Visitor: 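The structure is given below, and queries will be raised subsequently.
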Number of protein chains: 2
Amino acid sequence: MPRKKIIEAIRKKMDSPEVVSKLSRTFRVLGDPTRTKLIFALSKEELCVVEMSLLLGMSHSAISHQLRPLKDLDLIKCRKEGRKAFYRLNDEHIENLFNEGLKHVLERA
Amino acid sequence: MPRKKIIEAIRKKMDSPEVVSKLSRTFRVLGDPTRTKLIFALSKEELCVVEMSLLLGMSHSAISHQLRPLKDLDLIKCRKEGRKAFYRLNDEHIENLFNEGLKHVLERA
DNA sequence: GCTATATATGAACAACTGTTCACATGTTAA
DNA sequence: TTAACATGTGAACAGTTGTTCATATATAGC
């Protein structure tokens with residue numbers, strides 16, 4: 001099979017621009033230290049904004065701003081209880097993805 | 001177990017700043033559409049720079065610039081053959097990580 | 001009602017990122 | 001050696017991103 005055919009075959013297999021875009025946005029949203037820490041924390045325990053703020057030593061506003069893209073991309077979900085908003089990972093899928101990345105890094109530490 | 005103790009426990013479990021940093025850089029490097037496409041293509045076939053350039057319709061320079069961070073973070077490896085440089089994914093671990101992300105996105109499309 | 005608490009959001013600014021351009025390095029073929 | 005090819009790299013510029021600050025919304029307790 002000639003190289004040009006191989007390249008053409010890959011091009012056909014490549015997912016739609018929408019899928020590629022959402023996939024890269026999903027990885028990028030995980031690719032900020034603050035959000036990486038938030039995902040790590042939420043993989044251990046459901047937490048509200050104040051608790052995450054205390055944990056990371058950052059302002060409520062900064063945490064709230066960072067939670068939004070995580071929620072927009074369905075990585076986390078929110079549960080309101082009175083005036084508090086508790087966040088947790090959306091599903092085990094996210095936890096698996098995160099842990100795969102963590103294993104990759106730890107194997108090469 | 002009081003909430004403050006829970007937060008403290010998470011803080012102790014949280015990996016070192018170096019691990020968090022490398023983990024977030026690993027996700028971030030996957031979080032660019034060009035690099036997402038490169039990883040997808042390399043998960044299908046070993047490719048040289050010209051071939052990736054043709055596949056994505058981008059300059060050799062742009063491809064070469066994007067390959068470096070992928071290599072720096074051990075996501076891909078390089079094999080020189082004459083004047084060509086063939087790239088492929090570093091290990092199945094990367095492919096698993098990438099496919100987990102892809103599945104997450106496709107499930108919600 | 002009022003006050004404190006918890007979260008969300010828009011604007012603004014510094015810091016970072018990706019592509020292009022120009023050029024450099026190194027290999028193959030004649 | 002020369003010319004063409006394949007890749008790598010530094011500078012520069014536009015575009016994007018994350019935090020801070022100020023403010024808004026909403027709930028709880030008095």
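Computed from a predicted structure; not experimentally measured. Below, read A as the first sequence line, B as the second, and so on, with proteins coming before strands; counting in each chain starts at 1.
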Visitor: Are the side chain of A:Glu51 and the backbone of A:Cys48 linked by a donor-acceptor contact shorter than 3.5 Å?
Guide: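 At least one qualifying donor-acceptor pair exists.
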Visitor: Please determine whether any donor N or O and acceptor N or O are separated by less than 3.5 Å between the side chain of A:Ser59 and the base of D:dC21.
Guide: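 When only heavy-atom distances are counted, A:Ser59 does not reach the base of D:dC21 through any donor-acceptor pair under 3.5 Å.
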Visitor: Please give, in whole Å, the distance from C:dT5 P to A:Lys80 NZ?
Guide: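 Atom NZ in A:Lys80 sits about 20 Å away from atom P in C:dT5.
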Visitor: Roughly how many Å is it from CG in B:Leu30 to P in C:dG18, rounded to a whole number?
Guide: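 Distance check: B:Leu30 CG to C:dG18 P gives 12 Å.
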Visitor: On DNA chain D, nearest-nucleotide positions of B:His60 versus B:His65: which is more 5'?
Guide: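 This one resolves to B:His60.
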Visitor: For A:Asp32 and D:dT16, what is the distance between atoms CG and C1' respectively, to the nearest whole Å?
Guide: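 In whole Å, D:dT16 C1' lies 13 Å from A:Asp32 CG.
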Visitor: For the pair made of CG in A:Leu54 and P in C:dT5, what is the distance, rounded to whole Å?
Guide: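 About 14 Å, once rounded to whole Å.
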Visitor: In terms of side-chain heavy atoms of B:Arg83, which of C:dT27, C:dT7, C:dA4 is nearest?
Guide: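 Of C:dT27, C:dT7, C:dA4, C:dT27 is nearest to the side chain of B:Arg83.
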Visitor: Expressed as a whole number of angstroms, how long is the span from A:Glu81:CD to C:dT7:P?
Guide: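 Atom CD in A:Glu81 sits about 11 Å away from atom P in C:dT7.
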Visitor: Considering just the side-chain nitrogens and oxygens of B:Tyr87, establish if one lies under 4.0 Å of OP1 or OP2 belonging to D:dG8.
Guide: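 So the side-chain polar atoms of B:Tyr87 do come within 4.0 Å of the phosphate oxygens OP1 or OP2 of D:dG8, strictly under.
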Visitor: Tell me which of A:Arg28 and A:Gly82 sits closer to the 5' end of DNA chain D, going by the nucleotide each one is nearest to.
Guide: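 Of the two residues, A:Arg28 wins.
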Visitor: How long is the line joining NZ of B:Lys84 and P of D:dA4, in whole Å?
Guide: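 Whole-Å distance recorded here is 18 Å.
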Visitor: Is a side-chain donor or acceptor of A:His60 paired with a backbone partner of A:Val50 at a separation under 3.5 angstrom?
Guide: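 Pair absent, no side-chain N/O of A:His60 close to backbone of A:Val50.
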Visitor: In this structure, which one of B:Val29, B:Leu89, B:Leu38, B:Leu67 forms a side-chain contact (heavy atoms from CB on, under 4.5 Å) with B:Leu75?
Guide: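 Only match with B:Leu75 under side-chain contact (heavy atoms from CB on, under 4.5 Å): B:Val29.
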Visitor: Has B:Asp91 got a side-chain atom pairing as donor or acceptor with B:Ile94's backbone, closer than 3.5 angstrom?
Guide: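 Yes, B:Asp91 side chain to B:Ile94 backbone: donor-acceptor pair under 3.5 Å.
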Visitor: Given atom CG of A:Asp72 and atom C1' of D:dG18, what is their separation to the nearest angstrom?
Guide: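 The answer, rounded to whole Å, is 15 Å.
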Visitor: Below 4.0 angstrom from OP1 or OP2 of D:dT19, is there any side-chain N or O of A:Thr34?
Guide: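 Yes, because at least one side-chain N or O of A:Thr34 sits under 4.0 Å from OP1 or OP2 of D:dT19.
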Visitor: Is it the case that the base of D:dT9 and the side chain of B:Ser61 share a donor-acceptor contact (distance under 3.5 Å, atom types as modelled)?
Guide: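 When only heavy-atom distances are counted, B:Ser61 does reach the base of D:dT9 through a donor-acceptor pair under 3.5 Å.
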Visitor: Using five pairs at each end of the helix from C:dG1-D:dC30 to C:dA30-D:dT1 to define an axis, what is the angle between those two axes, to 10°?
Guide: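 End axes: 30° apart.
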Visitor: Under a 3.5 Å distance rule, please check whether A:Arg35 uses its side chain to pair with a backbone N or O of A:Gln66 as donor and acceptor.
Guide: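 No, A:Arg35 side chain to A:Gln66 backbone: no donor-acceptor pair under 3.5 Å.
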Visitor: Please check the phosphate of D:dG18 (OP1 and OP2 only) for any side-chain N or O of A:Arg35 closer than 4.0 Å.
Guide: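 The answer is yes; a side-chain N or O of A:Arg35 sits under 4.0 Å from OP1 or OP2.
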Visitor: Out of C:dA6, C:dT27, C:dG18, which nucleotide sits closest to the side chain of B:Gln66?
Guide: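 Within the option list, the nearest is C:dG18.
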Visitor: Donor-acceptor pair, A:Ser64 side chain versus A:Ser61 backbone, under 3.5 Å?
Guide: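 The answer is no, because no donor-acceptor pair under 3.5 Å joins these two groups.
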Visitor: In whole angstroms, how far is the P atom of C:dA8 from the CG atom of A:Leu70?
Guide: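 One finds 12 Å between P of C:dA8 and CG of A:Leu70, rounded.
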Visitor: What's the closest nucleotide to the side chain of A:Ser64 if the choices are D:dT20, C:dA8, D:dT7?
Guide: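 Minimum distance to the A:Ser64 side chain belongs to C:dA8.
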Visitor: For the atom pair CZ (A:Arg108) and CG (B:Asp74), what is the distance rounded to the nearest 0.5 Å?
Guide: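 A:Arg108 atom CZ to B:Asp74 atom CG measures 4.5 Å (nearest 0.5 Å).
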Visitor: Can you tell whether the side chains of A:Lys103 and A:Glu100 come within less than 4.0 Å, N to carboxylate O?
Guide: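 A:Glu100 and A:Lys103: salt-bridged.
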